[in-house]
There are 2 protein chains.
Amino acid sequence: MEKQKFREFLTTKGLKLTKERDEILHEILVMKKHFDPEELFVRLKTKGSKVSRASVYRTIPLLVEVGLIEEVERIDRHAHYEKISEDRHHDHMICMKCGKVIEFYSPTLEMLQREICQKENFKGVRHSLEILGYCEKCGG
Amino acid sequence: MEKQKFREFLTTKGLKLTKERDEILHEILVMKKHFDPEELFVRLKTKGSKVSRASVYRTIPLLVEVGLIEEVERIDRHAHYEKISEDRHHDHMICMKCGKVIEFYSPTLEMLQREICQKENFKGVRHSLEILGYCEKCGG
DNA sequence: ACTGTAACTGAGATTAAATTGCAATATGGA
DNA sequence: TCCATATTGCAATTTAATCTCAGTTACAGT
């Protein structure tokens with residue numbers, strides 16, 4: 001489970017599992033969608049948490065490092081993150097008009113990428129593919 | 001040629017081709033690699049240009065809009081751009097250790113993406129694929 | 001070539017995301 | 001329980017990027 005994974009990671013690094021870190025991870029796990037640090041902070045505040053903005057910003061890199069979340073895009077001038085789902089990686093289509101995000105997954109694409117990496121003697125760890133364009137509703 | 005394309009774009013939009021805009025585009029065309037706004041600004045200054053930081057930041061979105069450059073990644077907290085090469089689009093592998101950027105191009109990948117878009121009724125305009133991992137030298 | 005006007009510029013102030021310093025506090029192994 | 005050390009909140013700070021505004025410039029129409 002994610003919390004266990006985080007706990008182990010912290011212990012290994014000689015770090016501590018604090019109430020704040022637990023609350024932050026919990027909120028991320030509970031959320032379904034993308035989030036940005038500020039949004040996460042506000043959510044926690046709304047729920048009565050005393051966590052500070054600084055702690056949110058300090059915890060996020062740890063969660064990225066342990067592989068529980070990843071940075072998925074930058075909107076305007078701030079970063080957006082997303083929980084890495086246990087079962088499978090996915091990529092994004094982003095509508096340039098309405099901002100709608102369509103998630104998709106293609107095994108063929110995954111395989112193809114492994115092939116490309118091999119050819120370049122590159123050890124791929126993760127990737128992100130973003131297709132920008134127009135969704136069905138916004139036509140084109 | 002790129003400068004002509006930019007000139008036409010500006011005219012169409014009722015904008016003007018100023019000395020500053022010309023200098024900025026010129027410097028980008030002369031450069032081979034990625035660049036970030038600050039770096040571009042310093043290069044221009046070094047070469048004796050009087051262009052201001054603000055003009056650099058104001059010109060970049062225009063060049064993105066006309067399709068001469070694109071944002072390729074964010075390093076730390078600032079954007080990086082790159083001239084779009086005339087002949088063909090390419091994607092990137094980025095070494096998480098030394099930062100080396102390997103450019104690659106796969107027609108199969110391009111085709112596959114068109115298929116994926118079709119399936120979602122999404123009109124793809126452009127895409128960016130980044131594979132993060134470790135280059136040959138940095139092992140794995 | 002001249003003119004009017006709207007676009008453009010530089011300099012510095014401003015914004016807002018993200019980071020940091022510090023004194024107080026909490027965690028977890030011994 | 002004790003205690004070294006990591007962590008916290010707060011507020012100050014940093015920094016990429018944007019904005020303001022008064023003076024300047026490009027260029028379409030004469």
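Values below: every heavy atom of this structure, side chains too, minus hydrogens, waters and symmetry copies. Lettering follows sequence order; numbering is per chain, from 1.
Looking at A/Ser55, its side chain never comes within 3.5 Å of a backbone N or O of A/Val51 through a donor-acceptor pair.
Atom CZ of A/Phe41 and atom C1' of C/dA18 are 13 Å apart (whole Å). Atom-to-atom, NZ of B/Lys13 to P of C/dC8 comes out at 11 Å; the value is rounded to the nearest Å. The distance from atom CZ of B/Arg53 to atom C1' of C/dT15 is 16 Å, rounded to the nearest whole Å. For the pair A/Ile60 CD1 and D/dT8 C1', the computed distance is 16 Å after rounding to whole Å. In this entry the distance linking OH of A/Tyr81 with P of C/dA17 reads 13 Å, nearest Å. In this structure, the NE2 atom of B/His78 is 13 Å from the P atom of C/dT19, given to the nearest Å. As a whole-Å value, the separation of B/Leu10 CG from C/dA6 P is 19 Å. Atom CD1 in B/Ile24 sits roughly 12 Å away from atom C1' in C/dG10 (whole-Å rounding).
Counting only heavy atoms from C-beta outward, the side chains of A/Lys119 and A/Arg114 never approach each other to under 4.5 Å.
B/Lys13 NZ: 12 or fewer foreign heavy atoms inside a 6.0 Å radius. Crowding of A/Lys45 atom NZ: a count of heavy atoms from other residues, nucleotides or ligands under 6.0 Å exceeding 12.
Each of B/Gly14 and B/Ser52 was matched to the nucleotide of DNA chain C holding its nearest heavy atom; the match closer to the 5' end belongs to B/Gly14.
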Given ring-ring contact (aromatic ring centres under 6.0 Å, His included), test A/His34 with A/His92 step by step and report yes or no. CA-CA 12 Å; A/His34 294 164; A/His92 297 104; 5.3 Å; yes

May I have the step-by-step check of side chain to side chain contact (heavy atoms under 4.5 Å, CB included) for A/Arg21 and A/Leu62, ending in yes or no? CA-CA 10 Å; A/Arg21 286 177 178 162; A/Leu62 296 175; 3.8 Å; yes

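Linking Ile, Leu, Val, Met, Phe, Trp and Tyr residues whenever their side-chain heavy atoms come within less than 4.5 Å places A/Leu44 and A/Met31 in a single cluster.
Side-chain N/O atoms of A/Tyr57 include none lying less than 4.0 angstrom from OP1 or OP2 on C/dT19.
Residue B/Arg21 has its side chain nearest to C/dC8 when only C/dA17, C/dC8, D/dT7 are considered.
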Once each nucleotide of nucleotides 19-30 of chain D is scored for protein heavy atoms under 4.0 Å, what B/S/- sequence comes out, 5' to 3'? BB-----BS---

